[in-house]
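Taking it in order: structure first as structure tokens, then the write-up.
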Amino acid sequence: MSFWGEQRVLVVMPHADDETFGCGGTMARVKAEGGEVFVVVAAVGDLRHYDPEYPTVTGDQRDREFRDAMETLGVDDFEVLFNDLQRHMRLDTLPRLDLVRLIESEGRLSIDRVRPTVLILPAVSYNQDHEALFKAGFAACRPHLPSVKPFVRVVLAADAPQLAWNHTPFHPNFYVDITGYLDRKLRAHACHRSQLRPPPHHASLEHIERLARVRGAEVAVEAAEAFYCYRYVA
């Protein structure tokens with residue numbers, strides 16, 4: 001069996017569409033090779049946009065789009081932690097311990113319940129929700145004796161198109177070949193209709209494909225997703 005076919009992958013992202021941006025192709029590959037994938041999105045909610053087509057997007061619409069994307073990828077299970085205006089786009093205002101506990105033990109798809117072998121988090125960025133969720137997720141997967149609680153052997157932070165405009169450069173050191181799964185990634189991301197933008201915007205499907213091909217060229221494959229690996233225990 002392949003490496004990915006033996007993994008239980010838990011993806012924890014701040015908002016609906018971050019998961020397909022960062023690792024839609026990886027999730028598709030894991031499922032195709034026989035592994036398991038579970039996805040947690042922290043929050044969806046009403047949001048005003050600088051977009052004439054979708055000036056206001058409701059949380060219900062974001063939730064439907066997320067569900068469509070998960071069905072396209074065929075993941076094993078998924079959940080949204082918060083769907084209210086008080087916490088959507090305000091994860092940095094929540095007590096860090098509350099977020100840690102949801103990811104570690106109290107959420108329906110927590111580390112304690114899913115027992116993942118691979119955890120994928122958002123990369124730290126200027127976005128306050130991404131930074132808050134990364135720090136909470138990183139704390140939640142701190143090393144423990146496997147006899148006491150689940151120990152995540154691989155911890156990754158996912159790439160994102162907006163990281164080019166960031167306070168800290170993203171230097172990937174872990175790549176996943178998604179040559180055979182790029183189309184599935186794009187179809188899944190296209191489910192987030194309210195979040196798509198026309199080219200040359202970084203949130204356009206054209207740019208998402210371009211980034212996958214650039215990451216692929218960095219490791220001499222047709223298309224790839226890039227990650228920063230914080231822990232890999234063989």
Side-chain angles (χ1 to χ4, degrees), residues 4 7-24 26-27 30 35-44 75 77-82 87-176 215 225-234:
W4 290 113
Q7 305 307 316
R8 288 171 61 85
V9 178
L10 176 60
V11 177
V12 180
M13 291 289 163
H15 315 116
D17 82 348
D18 292 325
E19 80 292 339
T20 47
F21 264 141
C23 54
T26 299
M27 289 191 281
V30 172
E36 295 175 278
V37 176
F38 303 87
V39 182
V40 175
V41 163
V44 299
V75 303
D77 203 353
F78 58 90
E79 74 167 327
V80 175
L81 297 178
F82 309 120
R87 290 173 288 193
H88 180 53
M89 300 298 289
R90 293 178 173 86
L91 296 179
D92 60 320
T93 67
L94 300 179
R96 181 70 50 79
L97 183 59
D98 291 352
L99 281 175
V100 172
R101 284 176 172 170
L102 281 169
I103 297 168
E104 183 176 28
S105 60
E106 295 179 0
R108 186 173 63 83
L109 297 180
S110 65
I111 291 172
D112 282 2
R113 294 175 180 175
V114 172
R115 305 181 71 86
T117 57
V118 179
L119 176 66
I120 301 179
L121 298 168
V124 173
S125 75
Y126 58 85
N127 186 302
Q128 71 282 351
D129 278 11
H130 288 236
E131 183 168 7
L133 197 69
F134 169 82
K135 289 181 177 179
F138 204 69
C141 68
R142 60 197 179 280
H144 281 277
L145 291 172
S147 59
V148 175
K149 72 181 301 293
F151 175 65
V152 184
R153 304 180 73 84
V154 181
V155 180
L156 306 173
D159 197 2
Q162 72 271 20
L163 290 180
W165 186 58
N166 200 25
H167 51 67
T168 304
F170 183 71
H171 294 300
N173 58 4
F174 188 103
Y175 291 79
V176 179
R215 293 305 190 195
E225 287 175 338
F227 303 85
Y228 187 84
C229 182
Y230 285 93
R231 183 164 74 217
Y232 188 104
V233 181

CA sep, side-chain torsions, deciding dist, call: Asn173, Tyr228, side-chain contact (heavy atoms from CB on, under 4.5 Å) = CA-CA 5 Å; Asn173 58 4; Tyr228 187 84; 3.6 Å; yes
Which atoms form the tightest heavy-atom contact between [X] and [Y], and what is the distance?
| X | Y | value |
| --- | --- | --- |
| Arg115 | Arg8 | O-NE, 3.6 Å |
| Ala123 | Ala157 | CA-CB, 4.0 Å |
| Ala139 | Arg142 | O-NH1, 2.6 Å |

With a 4.5 Å heavy-atom cut-off, do [X] and [Y] have their side chains touching?
| X | Y | answer |
| --- | --- | --- |
| Met13 | Pro122 | yes |
| Val152 | Ile111 | yes |
| His88 | Phe82 | no |
| Met89 | Gln128 | yes |
| Asp18 | Val41 | no |
| Val9 | Pro116 | no |
| Asp77 | Arg108 | yes |
| Phe151 | Arg231 | yes |

Mind running side-chain contact (heavy atoms from CB on, under 4.5 Å) on Thr117 and Val154 for me, showing each step along the way?
-> CA-CA 6 Å; Thr117 57; Val154 181; over 6 Å; no
Hey, does the side chain of [X] reach the backbone of [Y] with a donor-acceptor pair shorter than 3.5 angstrom?
| X | Y | answer |
| --- | --- | --- |
| Asp92 | Ala132 | no |
| Glu131 | Asp129 | no |
| Glu19 | Val39 | no |
| Arg96 | Ala136 | no |
| Asp112 | Glu106 | no |
| Glu225 | Gly24 | yes |
| Arg215 | Tyr175 | no |

What's the separation between atom [atom1] in [X] and atom [atom2] in [Y], rounded to the nearest 0.5 Å?
| X | Y | atom1 | atom2 | result |
| --- | --- | --- | --- | --- |
| Asn127 | Leu163 | CG | CG | 10.0 Å |
| Leu156 | Thr26 | CG | OG1 | 8.5 Å |
| His130 | Lys135 | NE2 | NZ | 14.0 Å |
| Cys141 | Arg153 | SG | CZ | 13.5 Å |
| Leu97 | Glu104 | CG | CD | 9.0 Å |
| Gln162 | Phe21 | CD | CZ | 6.5 Å |

Can you label the angle between the Phe138 ring and the Tyr230 ring as parallel, tilted or perpendicular, going by 30° and 60°?
->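 Ring orientation, 0 to 90° scale: perpendicular.
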Whether Phe174 and Trp4 hold their rings parallel, tilted or perpendicular, with breakpoints at 30° and 60° = perpendicular
Take Val12 and Leu133, measure what side-chain contact (heavy atoms from CB on, under 4.5 Å) needs, and give me the verdict at the end.
-> CA-CA 8 Å; Val12 180; Leu133 197 69; 3.8 Å; yes
With side-chain contact (heavy atoms from CB on, under 4.5 Å) as the test, would you mind laying out the steps for Phe227 and Cys23 before giving the verdict?
-> CA-CA 9 Å; Phe227 303 85; Cys23 54; 3.9 Å; yes
Arg101, CZ: over 12 other non-hydrogen atoms inside 6.0 angstrom = no
